[in-house]
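See structure below.
Computed over heavy atoms, backbone and side chain alike; hydrogens, waters and symmetry mates excluded. Throughout, protein chains are lettered first and strands after them, A, B, ... in sequence-line order, and every chain is numbered starting at 1.
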Amino acid sequence: MNTIPNTLIDWYTAHRRDLPWRKTKDPYAILLSEIILQQTRVDQGLDYYHRFLETFPEVSDLASASEQEVLNLWQGLGYYSRARNLHKAAKRIVELNSFPDTSSELLKLPGVGPYTSAAIASFAFDEVIPVLDGNVFRFIARLLCIEADPSNEQAKKVIRTFLESIIPKEDAASFNQALMEFGSLQCKPQKPNCETCPLNSECIAFKQSKVSSIPLKKEKPKRRKRYFNYLVVLENGKILVQQRGGADIWENMFEFPLIESLEALDIEDLAPLIPNDILKNASVGRYFRRKKHLLSHQEIYSTFLVLNLDKEVSIEGKKWIPFAELEDHPFPRIIDKFLEENSLLEGKNPRFV
DNA sequence: AAGTCGGGGGA
DNA sequence: TCCCCAGACTT
């Protein structure tokens, strides 16, 4: 008889991608990969995984780094609370003197939720527990024809119960890998290849022609519009930056002095809002008009106004850094793009000066 | 239970 | 443009 697990494992053997975190049992490396891959496609996270392992080969290396170093390495990947929590988790593991080796202990680590704790417990410690990520939800929801969206806790419960009833006691890890890989490559979101699917005869959604409508989609929240007017304040090869606070996007990351407004501002509207301690010594340089930057819940319109100072004045809550030290500071993409486009990351004077 | 947290690749 | 990605945390 050909059970679902057997079918999946056979499919996996034939179609699996060669991914680095599948070649190790090191719980730290697996933790790293799982955190990086939260809400992130494999090809987007791959380089970060290698860089983190190279920079911090062991969990103790990560634990003894500064948060700024960790955020700096995470720069560009998004959802930066993952980096801050990963750093906290590493410190916790070092304190514990041993790596948590059960899903329930792993669940206590910051940034480690139901999916990630199950994944690490399964892949690193061979615990018999099913993983339930977006790929698995989609696959099983279609197989059982569960018309719900992925945030539906009741549907997750049904799916978990089903998975627990079929998960093999021996090599549950391969079964879990196969589950996710199948959801990702075969039972994919758009245009799944149902005609050649080895499970189509058992797929209720397929029989009922409901595959394309499962899982249900949640109505997308509207993006809040924000207007970020950045001041690019320069003086003798240095630039003025500040660190962002909490309770907002990009917590603890750096940016230029910011004037946020509820509406789009013209440069005439902006001028009177520039802090006096900056403005009084400044000559106004180039003005970069609005660009749009999309986040999942926000739509940010940015402008950049260059101000050249003739002497370095100290400004409360902000610090001057030489161009060459920009690369040591974690910036959100909106700032990093500006730095790139104007050659500021090369330690030279920017293009517009 | 709903809102918030990034960024990018592909259709 | 829209969709969605190896989700978790806060409110």
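- Here A/R22 does not reach the OP1 or OP2 of C/dA6: none of its side-chain N or O atoms lies under 4.0 Å away.
- Picking from B/dG6, B/dA1, C/dT1 the nucleotide with the shortest atom distance to the side chain of A/E153 gives B/dA1.
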Problem set entry | A/E255 vs A/Y230, side-chain hydrogen bond (donor to acceptor under 3.5 Å, both in side chains): CA-CA, chis, key distance, verdict | CA-CA 8 Å; A/E255 65 182 356; A/Y230 281 117; 3.1 Å; yes

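- Of the listed residues (A/S103, A/S117, A/S122), just one forms a side chain to side chain donor-acceptor pair (under 3.5 Å) with A/E127, and that residue is A/S103.
- At the phosphate of B/dG7, OP1 or OP2 sits under 4.0 Å from a side-chain N or O atom of A/Y80.
- Between A/H293 and B/dG7, a side-chain N or O to OP1/OP2 separation shorter than 4.0 Å is present.
- Side-chain N/O atoms of A/S296 and base N/O atoms of B/dG6 include a donor-acceptor pair closer than 3.5 Å.
- Partner A/P57 forms a side-chain contact (heavy atoms from CB on, under 4.5 Å) with one of A/V59, A/L53, A/D61 and no other, that one being A/D61.
- Sequence order on DNA chain C of the closest nucleotides to A/P110 and A/A119 puts A/A119 first from the 5' end.
- Looking at A/K210 and A/E147, a side-chain N of the basic residue comes within less than 4.0 Å of a carboxylate O on the acidic one, giving a salt bridge.
- A/K156 NZ to A/S151 OG: the interatomic distance, rounded to the nearest 0.5 Å, is 7.0 Å.
- Residue A/K220 places its side chain closer to C/dC3 than to any other of C/dC3, C/dC9, B/dT4.
- Among the duplex regions that DNA chain B forms, those built from at least three successive Watson-Crick or G-U pairs under 3.5 Å are B:1-5 with C:7-11, B:7-11 with C:1-5, ordered by first number.
- Between A/E181 and A/R17 there is a salt bridge, since at least one side-chain N of the basic residue sits less than 4.0 Å from a carboxylate O of the acidic one.
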Problem set entry | Evaluation steps, salt bridge (Lys or Arg N to Asp or Glu O under 4.0 Å), between A/R244 and A/E251 | CA-CA 6 Å; A/R244 288 184 66 85; A/E251 180 178 345; over 6 Å; no

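- Spacing between atom CZ of A/F137 and atom P of C/dC4 amounts to 12 Å, rounded to whole angstrom units.
- Distance from the side chain of A/D133 is smallest for C/dA6 among the nucleotides C/dC4, C/dA6, B/dT4.
- Note on A/V112: only backbone sugar-phosphate atoms sit closer than 4.0 angstrom, heavy atoms only; bases stay farther off.
- Contact check on A/D133 versus A/R138 returns no salt bridge, with no Lys/Arg side-chain nitrogen under 4.0 Å from an Asp/Glu carboxylate oxygen.
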Exercise. What do the steps show when you test A/Q75 against A/Y80 for side-chain hydrogen bond (donor to acceptor under 3.5 Å, both in side chains), and what is the final call?
Worked result: CA-CA 8 Å; A/Q75 176 176 310; A/Y80 297 95; over 6 Å; no

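- Rounded to whole Å, the distance from CE on A/M253 to P on B/dG7 is 7 Å.
- In this structure, A/F331 has its ring center at least 6.0 angstrom away from the ring center of A/F338.
- A straight line from CZ of A/R224 to P of B/dC5 spans 7 Å, rounded to a whole angstrom.
- Taking atom CG of A/D248 as the reference point, atom P of B/dG3 lies 18 Å away to the nearest angstrom.
- Within 3.5 Å, no donor on the side chain of A/T40 pairs with an acceptor on the base of C/dG7, nor the reverse.
- In this structure, A/W250 reaches the B/dG7 phosphate: one of its side-chain N or O atoms is under 4.0 Å from OP1 or OP2.
- Listed by residue number, the members of residues 161-186 of chain A with any heavy atom below 4.0 angstrom from DNA chain C are A/Q177, A/M180.
- A/E251 comes within contact range of no nucleotide atom at all, as no heavy-atom separation falls under 4.0 Å.
- The residues A/E341 and A/K291 are annotated as salt-bridged, a charged nitrogen and a carboxylate oxygen being separated by less than 4.0 angstrom.
- One interatomic measurement links the two molecules: CZ of A/R82 to P of B/dG6, which rounds to 10 Å at whole-angstrom precision.
- The side chain of A/R138 lies closest to C/dC5, out of B/dC5, C/dC5, C/dA6.
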Please enumerate all protein N or O atoms sitting under 3.5 Å from an N or O of nucleotides 9-11 of chain B, with distances to 0.1 Å.
unit_1 : atom_1 : unit_2 : atom_2 : d
B/dG9  : O4'    : A/R41  : NH2    : 2.7

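- In this structure, A/R51 forms a cation-pi arrangement with A/Y48, its terminal cationic atom sitting closer than 6.0 Å to the ring centre and no more than 45° off the ring axis.
- For A/Q38 (side chain) and A/G111 (main-chain N/O), a donor-acceptor pair under 3.5 Å exists by modelled atom type.
- In terms of phosphate contacts, A/Q39 brings a side-chain nitrogen or oxygen within less than 4.0 Å of OP1 or OP2 of C/dG7.
- For C/dA8 and B/dG8, the P atoms lie 23 Å apart once the distance is rounded to whole Å.
- The listed nucleotides are C/dC4, C/dA8, C/dA6; the one nearest the side chain of A/P189 is C/dC4.
- Heavy-atom distances to DNA chain B give each of A/P221 and A/K337 a nearest nucleotide, and the one nearer the 5′ end belongs to A/P221.
- When distances are taken from the side chain of A/R333 to each of B/dC5, C/dC9, B/dG8, the shortest belongs to B/dG8.
- One can place CG of A/L295 at 5 Å from P of B/dG7, the figure rounded to the nearest angstrom.
- Across the protein-nucleic acid pair, A/N135 atom CG and C/dC3 atom C1' stand 14 Å apart, rounded to whole Å.
- Straight-line distance from the CD atom of A/Q75 to the P atom of B/dG7: 9 Å, rounded to whole Å.
- Residue A/I36 is classed as having no contact, given no heavy-atom separation below 4.0 Å to the nucleic acid.
- In the set C/dC3, B/dC5, C/dA6, the nucleotide with an atom closest to the side chain of A/I249 is B/dC5.
- Counting only heavy atoms from C-beta outward, the side chains of A/F304 and A/N229 never approach each other to under 4.5 Å.
- In this structure, A/T116 reaches the C/dA8 phosphate: one of its side-chain N or O atoms is under 4.0 Å from OP1 or OP2.
- Rounded to whole Å, the separation between the P atoms of B/dT4 and C/dA6 comes to 24 Å.
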